[in-house]
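To keep things clear, I will list the structure first and then write my remarks on it.
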Amino acid sequence: MDTEVSGQEENSQELDLEEITRKLFFLDKWRGIFNYHRLGTTSTTPQNHEGHHVSADKTEAGAGLSQPEGQRHLPPNILCSIPKPSIISSKLGGLPISLEMATKMQQSLFGNTAHIFSCDWKKAYFKFHEPFSDLAFALEVGKGGARSIQMAVQVFIIKHLFTRNGKDYNIHSLHEISKQEQGHVLAQTLADILWAAGVAQKATICLVTEDASVASTPKYSWDGFTEQLKVFEFLEKEAMAKFIYDHLQCFRGEGSHGVILFLYSLLFSRTFERLQKDLDITTTHLLQPSAGGFLCRQALLNLILTGKASPNVFNGCQEGSSQEVLHGVTARSEVGYLQWGKDACEGDRLSQVGSMLKTPKLPIWLCNINGNYSVLFGINRQLLSDWKMERLFDLYFYSSHPLQKKPAHLIIDTHSHHWEKDQHDDRPGPKRWYSPVEMIIRTKWRVATINWNGTAPFP
């Protein structure tokens, strides 16, 4: 179950807040529509209603609320202090986004049309660490809500490297990756995720072009780049992967809005009709406001991991407290998901990760530790298909923390039983401290002991 939203009452309060937000901005939007052309675009500093200058920091405050239309003649990228997005020629083809499409997209993401993406989302893109380094396989990940999407994509990057060309997989092969190969891997990874969302029939790529095709209305919040989208549909995955590679700068260039473009592509590939069938009463949209930005709900992470936007992490469907049907994961996934929180309630059956995610086909997991996302992976493809392999084995952990220079090498022992002894130690005095990384591993292997192999345990 979505661990960041508890209960129907909280959902109701959130919807009330969003309804109030819409009404507060309604008059400003209408005023902006009438004044838009008269105001011009000569000023480069936003002003408040009294004509005083407002700092860029203040204009970006709040949970991604759209600016009053009278101010929106300023490109939002200036307010965010990031380069303009990578723009392709309008002659390339594709279908210009319509007002109906843009509105549905905002409603699917935010639950309303009063919000736009906050600055941290606009800054997010897919950038690898240096080629031929210990982290050549890994994405550099910043702060903010887009981080969880980047780390979910990271899981599939490892999966692609894990299975490429039938080669033997070892940790050293992850270091020996050139910049060109990084590009190919990213293109193929994004294509794999989008193709799965489109049920292996059709997928969609969204790119920014020169011309806007959507004007601002009271029912749509203008953001300065969504209005310039063009939608490209593909019936073959390899053709889509080549198209992504040919326009890779639109996803991995600074200022490209690469994560948002991938998210838009994901929604169009899934289609709004399928998305609504995936969701249930606990989740009506994919992002939630938090601390001036937005966080991903579990349904969005599951859409990336499994190709279906199931709002919960348990197996199959279960009955909620009011006899409503709640949607979980219905098939064993290729890659997995683990979660652990210090305040989590073990008795809450709906929040427990089921075997479909906990035991994927490949030993690669997206980890949610106290709301922070990381990746845990093994190098033995047979780890989860042969129980004898699970006695003593290696795992690697990538947190994406800027200070981490290489993946942490962990040795997992599931038969030493030291963990059980420590748990039943009733002697007085302070109990041994365990790293959250160890605790999340034990959600999969309950009695495992973890050897950090000379690395200081991650706090």
Side-chain angles (χ1 to χ4, degrees), residues 82-83 86 120-165 167 169-193 241 244-245 247-263 304-305 335 362-369 372-379 394-410 437 452-459:
I82 60 174
S86 301
D120 62 294
W121 278 86
K122 294 175 184 177
K123 289 181 177 180
Y125 59 105
F126 299 104
K127 179 186 178 182
F128 279 91
H129 283 271
E130 286 297 314
F132 300 111
S133 70
D134 288 337
L135 292 177
F137 70 96
L139 296 173
E140 292 186 19
V141 178
K143 298 179 180 179
R147 173 190 177 91
S148 56
I149 291 182
Q150 292 166 304
M151 293 305 285
V153 170
Q154 177 68 70
V155 167
F156 278 90
I157 288 173
I158 296 173
K159 180 238 172 187
H160 181 74
L161 294 170
F162 200 32
T163 57
R164 59 177 175 170
N165 303 325
K167 294 180 180 179
Y169 177 73
N170 60 71
I171 192 65
H172 300 293
S173 67
L174 296 183
H175 307 160
E176 299 165 358
I177 302 175
S178 67
K179 185 172 184 178
Q180 182 181 24
E181 190 171 10
Q182 287 175 336
H184 282 293
V185 168
L186 178 60
Q188 191 63 57
T189 295
L190 298 182
D192 286 346
I193 296 171
I244 295 174
Y245 184 76
H247 302 89
L248 203 56
Q249 200 61 20
C250 297
F251 295 95
R252 71 173 184 183
E254 185 178 3
S256 64
H257 297 65
V259 171
I260 297 178
L261 289 179
F262 167 69
L263 179 53
I304 298 174
L305 296 175
V335 295
L362 295 173
I364 312 169
W365 295 266
L366 176 67
C367 297
N368 176 359
I369 304 175
N372 296 313
Y373 290 88
S374 50
V375 176
L376 186 72
F377 62 97
I379 58 175
D394 298 312
L395 290 179
Y396 294 86
F397 181 77
Y398 175 57
S399 70
S400 78
H401 192 283
L403 296 180
Q404 186 177 9
K405 302 305 179 185
K406 62 180 181 180
H409 179 196
L410 311 176
V437 177
W452 284 80
N453 208 31
T455 302
F458 284 46

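Hydrogens, waters and symmetry mates play no part in the numbers below; they use all other heavy atoms, side chains included. One is the number of the first residue; the rest follow in order along the sequence.
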From [X] atom [atom1] to [Y] atom [atom2], the distance as rounded to the nearest 0.5 Å:
{"X": "Leu362", "Y": "Lys159", "atom1": "CG", "atom2": "NZ", "answer": "7.0 Å"}
{"X": "Leu395", "Y": "Leu376", "atom1": "CG", "atom2": "CG", "answer": "4.5 Å"}
{"X": "Lys405", "Y": "Ser133", "atom1": "NZ", "atom2": "OG", "answer": "10.0 Å"}
{"X": "Trp121", "Y": "Ile260", "atom1": "CH2", "atom2": "CD1", "answer": "7.5 Å"}
{"X": "Glu254", "Y": "Lys127", "atom1": "CD", "atom2": "NZ", "answer": "7.5 Å"}
{"X": "Leu190", "Y": "Phe156", "atom1": "CG", "atom2": "CZ", "answer": "11.0 Å"}

Val437 and Ile369: CA distance, side-chain angles, deciding distance, side chain to side chain contact (heavy atoms under 4.5 Å, CB included) verdict: CA-CA 8 Å; Val437 177; Ile369 304 175; 4.3 Å; yes
Worked verdict on Thr455 versus Phe397 for side chain to side chain contact (heavy atoms under 4.5 Å, CB included): CA-CA 11 Å; Thr455 302; Phe397 181 77; over 6 Å; no
Whether Gln188 side chain and Tyr245 backbone form a donor-acceptor pair below 3.5 Å: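 No; judged by distance alone, with no hydrogens or angles, the pair does not exist.
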So which atom in [X] and which in [Y] form the shortest heavy-atom distance, rounded to 0.1 Å?
{"X": "Gln182", "Y": "Ile177", "result": "CG-CG2, 3.6 Å"}
{"X": "Lys179", "Y": "Arg252", "result": "O-NH1, 4.1 Å"}
{"X": "Ala408", "Y": "Trp452", "result": "CB-CZ3, 4.4 Å"}
{"X": "Leu135", "Y": "Gln404", "result": "CD1-O, 3.2 Å"}
{"X": "Ala241", "Y": "Ala187", "result": "O-CB, 3.7 Å"}
{"X": "Ser173", "Y": "Asn170", "result": "OG-O, 2.6 Å"}

Do [X] and [Y] make a side-chain contact, defined as non-hydrogen atoms from C-beta onward lying under 4.5 Å apart?
{"X": "Phe162", "Y": "Phe377", "value": "no"}
{"X": "Trp365", "Y": "Val155", "value": "no"}
{"X": "Pro407", "Y": "Phe137", "value": "yes"}
{"X": "Phe128", "Y": "Ile157", "value": "yes"}

Heavy atoms from other residues, nucleotides or ligands near CD of Gln249 exceed 12 (cutoff 6.0 Å):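 Atom CD in Gln249 is packed in, count exceeds 12.
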Val375 vs Tyr396, side chain to side chain contact (heavy atoms under 4.5 Å, CB included): CA-CA, chis, key distance, verdict: CA-CA 8 Å; Val375 176; Tyr396 294 86; over 6 Å; no
Donor-acceptor list for residues 138-153 side chains, cut-off 3.5 Å, not counting sequence neighbours:
| from | atom 1 | to | atom 2 | distance (Å) |
| --- | --- | --- | --- | --- |
| Arg147 | NH1 | Ser400 | OG | 3.2 |
| Arg147 | NH2 | Tyr373 | O | 3.3 |
| Arg147 | NH2 | Ser399 | O | 2.9 |
| Arg147 | NH2 | Ser400 | OG | 2.7 |
| Ser148 | OG | Gly145 | O | 3.2 |
| Gln150 | NE2 | Tyr125 | O | 2.8 |

Verdict with reasoning, Ser256 to Phe251, per side chain to side chain contact (heavy atoms under 4.5 Å, CB included): CA-CA 6 Å; Ser256 64; Phe251 295 95; 5.6 Å; no
